[in-house]
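The first residue of the sequence shown is numbered 1, and numbering continues consecutively from there. In each ligand, atom 1 is the first atom listed, and ligand 1 is the first ligand listed.
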Amino acid sequence: MKVKKAIFPVGGLGTRFLPATKSMPKEMLPIVDKPLIQYAVEEAANAGIEQFIFVTSRGKSAIENHFDHSFELENNLLSKGKRETLKTAQEMLKIPGSFAYVRQQEPAGLGHAVWCARHLIGDEPVAIILADDLIHGGNTIKEMIDNYNSGNMLAVMDVDKKEVSSYGVISPGKLIDNNVTEILGLVEKPSIEKAPSNMAVVGRYIIEPAVFEVLEKQNRGSSNEIQLTDAIASRIGKSNCVGYKFSQQRFDCGSKLGFIQANIRFSIERPEMKQNLKSWLKLEIFSDD
Ligand code: G1P
């Protein structure tokens, strides 16, 4: 079944990046020169997604403006003949009406954020993309859509056992093929002792419409928030639930270390920066090692 819609939950407060995120959405933090949210939207667009649904909150209008015209800027660039720069400023303008925004009025968790988009989703599966989880070296959501049949599919990766309490963690069942594993259970942010494995959920999902009905009545779980993991878990046994082991590199841009690593990784790939950055890192940063 074709997946045509994607939800981007962007309502989070971004407290881990204060003071940078005091008046700027964390999703607008740049990796080199492009905001995180643009990478997420490009991944979705390249995967065939046609409708982009953002779950926003107060203080997030910069995201809406980013995907709109900026006439003053565009006229200025045009009048100076800066056509290439103009193209960059316009590259995120999509077909009118393909972007929709709903407000999450309180930060009540990822499950609650997704549920806020329910009226924009019909009787069809929908992709969910967390912009914090930046993918490098391929298109994870495209691969998932290509491998999706029905039910719920979650991107998963092995993490260090010490880190399981930062993630949703799956209890893996049989291997369906090299990349796809059956999920027998799912728990949000377990302690090391209680984690069913070290296979963690990363922010790429395809969910079936029934998950919205579960979310409607979902009790608060981990961190006293309404968790998407809990809603998906309660569908296990009723419909397919699989983990997709992606091969790309994922950067946790919700953490400072991951954010800096992503900036270095993506910068090294820019031909105009590669040599200078590499020799600077070697000579100045790692010269003592
Ligand atoms: C969310 C999900 C969690 C998932 C993680 C991936 O947690 O609730 O299941 O493993 O994203 O990044 P958050 O990082 O928003 O606390």
S.K.: Give a yes or no on whether the backbone of Met199 and the side-chain of Asp158 come within a donor-acceptor separation of less than 3.5 Å.
M.R.: no
S.K.: With heavy atoms only and a cut-off of under 4.0 Å, state how Leu130 meets ligand 1: side chain, backbone, both or neither.
M.R.: side chain
S.K.: May I ask you to identify the nearest protein heavy atom to atom 4 (C) of ligand 1, giving residue, atom name and distance to one decimal place in Å?
M.R.: Val201 O, 3.4 Å
S.K.: To the nearest 0.5 Å, how far apart are CD1 in Ile268 and NZ in Lys274?
M.R.: 7.5 Å
S.K.: Look at atom 12 (O) of ligand 1 and say which protein heavy atom is nearest, naming residue and atom and giving the distance to 0.1 Å.
M.R.: Asp133 OD2, 2.8 Å
S.K.: Provide, to 0.1 Å, the distance between atom 13 (P) of ligand 1 and the closest protein heavy atom, together with that atom's residue and name.
M.R.: Lys189 NZ, 3.6 Å
S.K.: Side-chain atoms of residues 126-136: list all donor-acceptor pairs with protein atoms under 3.5 Å, sequence neighbours left out, distances to 0.1 Å.
M.R.:
unit_1	atom_1	unit_2	atom_2	d
Asp132	OD2	Lys26	NZ	3.1
Asp133	OD1	Arg250	NE	2.8
Asp133	OD1	Arg250	NH2	2.7
Asp133	OD2	Gly203	N	2.6
His136	NE2	Glu269	OE1	3.2
His136	NE2	Glu269	OE2	2.6

S.K.: What atoms of ligand 1 come within less than 4.0 Å of a heavy atom belonging to Thr229?
M.R.: 9 (O)
S.K.: For the NZ atom of Lys60 and the CZ atom of Arg103, what is their distance to the nearest 0.5 Å?
M.R.: 11.0 Å
S.K.: Give yes or no for whether the N/O distance cutoff of 3.5 Å, strictly under, is met between Gly168 and ligand 1.
M.R.: yes
S.K.: If only side-chain N and O atoms count, and only distance matters, is there a donor-acceptor pair under 3.5 Å linking Tyr244 with Glu143?
M.R.: yes
S.K.: Name the orientation class of the two ring planes belonging to Phe54 and Phe8 (parallel below 30°, tilted from 30 to 60°, perpendicular beyond 60°).
M.R.: parallel
S.K.: When you measure from atom 15 (O) of ligand 1 to the protein, is at least one non-hydrogen atom found at a distance under 4.0 Å?
M.R.: no
S.K.: Please test Asn149 against Val242 for side chain to side chain contact (heavy atoms under 4.5 Å, CB included), starting from the C-alpha separation and ending with a verdict.
M.R.: CA-CA 10 Å; Asn149 295 315; Val242 295; over 6 Å; no
S.K.: Mark whether atom 10 (O) of ligand 1 lies under 4.0 angstrom from at least one protein heavy atom.
M.R.: yes
S.K.: Which residue holds the protein heavy atom closest to atom 2 (C) of ligand 1, what is that atom called, and what is the gap in Å?
M.R.: Glu188 OE2, 3.6 Å
